[in-house]
Amino acid sequence: MEDPAYGVCTCRGKKRRGLLESLIFGLIGADTHSLEAETTSALPGLLQGVDPRLKLVSLLALIVAAVSTQRLTVLAALFLLAVGLAVVSQIRLARLVRQVWIGVFLFSGVIVLPALVLVPGETIAHLPLFGWPITLQGLRSASFVIGRAETAATLSLLLVLTTPWPHVLKALRSLGMPAAVVAILGMTHRYIFVLMQSALQMAEARQSRLMAPLDGPARRRLMLTMIGMLLSRTLTLGTEVHAAMIARGYRGEVRLLDEFRTRPSDWAFLLATLAVAATILGGRL
Amino acid sequence: MSGSAFDFRDVVYAYRSQRALDGVSFSIGLGERVALLGANGSGKSTLLRMMDALVFAVGGTALALGGPLTEAAFAEEATNFAFRQRVGLVFQNPDVQLFNPTVLDELAFGPLQLGWDTARVRRAIDAMLDRFGITHLRDRSPHRLSGGEKKRVAIASVLITEPDVLLLDEPTAALDPESRADLVAFLSHGLREGQTVITAIHDLDIIDHISDRSIVLDRGKVAADAPTLDVLHDIDLLRRTHLVFEHRHSHGIAAAALHGHLHAAPDGGATT
Ligand SMILES: Nc1ncnc2c1ncn2[C@@H]1O[C@H](COP(=O)(O)OP(=O)(O)OP(=O)(O)O)[C@@H](O)[C@H]1O
Ligand SMILES: [Mg+2]
């Protein structure tokens with residue numbers, strides 16, 4: 001049973017999460033996510049086997065195609081292609097639903113909702129409750145926005161889930177991304193871990209010392225101090241990590257044990273995706 | 001003893017207003033094995049970081065391997081690179097030291113930064129995994145290991161490049177008795193002949209195995225610099241610098257660790 005003041009309540013019914021609790025939940029989520037990503041990138045799937053550099057270019061080409069296509073059928077086909085790639089890479093669809101599709105749908109849905117009724121055109125239905133007319137053109141433009149966002153997000157997640165993070169960094173670097181940018185990306189990733197660990201430790205420390213549930217103002221005060229502490233701790237630790245990297249000879253360049261090896265099948269994958277993208281872009285499909 | 005590893009004269013270091021090192025002087029020859037003793041906050045970690053050119057003196061002069069330990073000198077790429085090849089530091093907190101996705105990558109990090117070819121790196125990794133009994137952890141994520149496992153990986157990740165000068169910040173903290181004994185055995189006769197080893201440590205009962213000389217720090221100053229056995233027998237000094245405390249209840253085993261009526265303060269900071 002969780003401490004009620006901690007706000008982590010697995011019981012049904014009253015379920016209010018404070019700011020810090022949400023933050024910690026998010027962090028636990030991120031931690032689980034990264035653990036899962038470590039696992040999925042090691043599975044023997046199709047994308048996992050592709051040279052990260054070619055994979056990056058391929059997926060990027062598909063994203064560009066998805067963003068620029070003018071036909072819903074083409075967009076749908078690209079989306080299905082992404083789903084197919086997930087399947088052959090052993091990424092469970094439930095995970096895509098949970099991690100991308102729902103979130104992206106809600107987010108872009110809110111943005112495009114007005115388009116449904118604001119874009120003038122042929123009325124095909126009426127919005128329940130309000131009775132406002134939904135136009136075919138409005139529905140089309142809303143579908144484009146959501147479809148593009150979903151497809152692009154799915155393809156990006158596929159890259160992250162099938163490639164160990166340092167390999168993504170190294171691939172970016174070998175494709176000409178400046179060392180400084182790659183170093184920042186690398187540090188960001190590490191910061192997240194450091195922040196997460198601090199947050200979890202502080203939550204545990206707090207929980208273990210809490211004798212009775214706190215009242216509202218006391219809780220809020222405690223949360224604010226904890227967030228402040230967390231930030232300053234993260235900064236210190238981040239600096240420390242950087243020092244530890246320097247101490248072992250780091251000079252801003254990502255070096256890995258595994259040299260990327262490009263096999264003929266990698267080129268085939270690249271050519272296939274580039275062909276798809278070129279057909280869409282060149283044929284203005 | 002040939003040449004000197006470190007030459008410090010009246011070295012001062014401060015974190016903003018807090019003086020962490022306050023006029024520290026000593027010199028350590030190549031091949032010496034030195035223990036760095038002192039209560040919590042006495043400046044051991046700060047000194048080690050300075051010896052590893054991660055922080056620089058704000059007063060006095062500090063030399064390492066004959067060259068100046070200054071920010072200007074280390075802005076020079078070649079100086080920095082040559083230094084990193086020869087000096088390695090195991091941090092007190094393994095969490096900051098382990099930043100790679102797997103133990104394998106962690107061990108590979110140093111050698112790869114120093115430009116070793118991959119075949120050599122792989123051979124060295126296998127040898128290290130074996131020596132530290134962590135072969136089974138090879139593909140695990142370092143930040144998900146236990147405290148003692150982390151510590152072993154951190155030590156292995158620095159030792160792998162066989163630095164001429166090895167700086168260890170509380171290497172036995174968090175280790176269980178058996179791992180601790182293994183490490184002590186390794187530090188006392190597993191190292192390369194002529195390797196300089198400087199260890200900040202609180203375990204008085206093992207320092208005579210891993211050092212011949214001890215430097216005792218007390219609030220940023222050198223309180224003593226003498227052969228380890230002499231330091232261990234100077235009860236007044238140990239008491240004054242909070243390295244031992246008189247025990248108030250009897251623990252037969254712990255007391256036996258040192259001098260009968262005294263026992264080592266595990267964190268150096270206990271009071272009477
Ligand atoms: N990042 C920092 N910012 C400000 N003060 C610091 C910082 N790190 C250390 N200090 C202070 O500098 C002094 C020396 O700290 P140092 O970490 O070198 O001690 P130590 O001998 O390693 O202690 P311990 O045995 O606890 O590891 C302490 O008073 C400490 O409070
Ligand atoms: Mg310390």
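Keep in mind that what you see is a predicted model, and the values were worked out from it rather than measured. Letters A, B, ... mirror the listed sequences (proteins, then strands); counts begin at 1.
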Roughly how far apart are I246(A) CD1 and D52(B) CG, rounded to 0.5 Å?
10.5 Å

Non-hydrogen atoms of Q97(B) and A244(A) that approach each other most closely
CA-CB, 3.9 Å

Residue N93(B) versus chain A: region with a heavy atom under 4.5 Å
side chain

Heavy-atom pair with the smallest gap, counting every atom of R248(A) and S157(B):
NH1-CB, 3.4 Å

Measure distances from E77(B) to the heavy atoms of chain A and classify the residue's part below 4.5 Å as side chain, backbone, both or neither.
side chain

Compare all side-chain heavy atoms of Q92(B) with those of E240(A) and state whether any distance is below 4.5 angstrom.
no

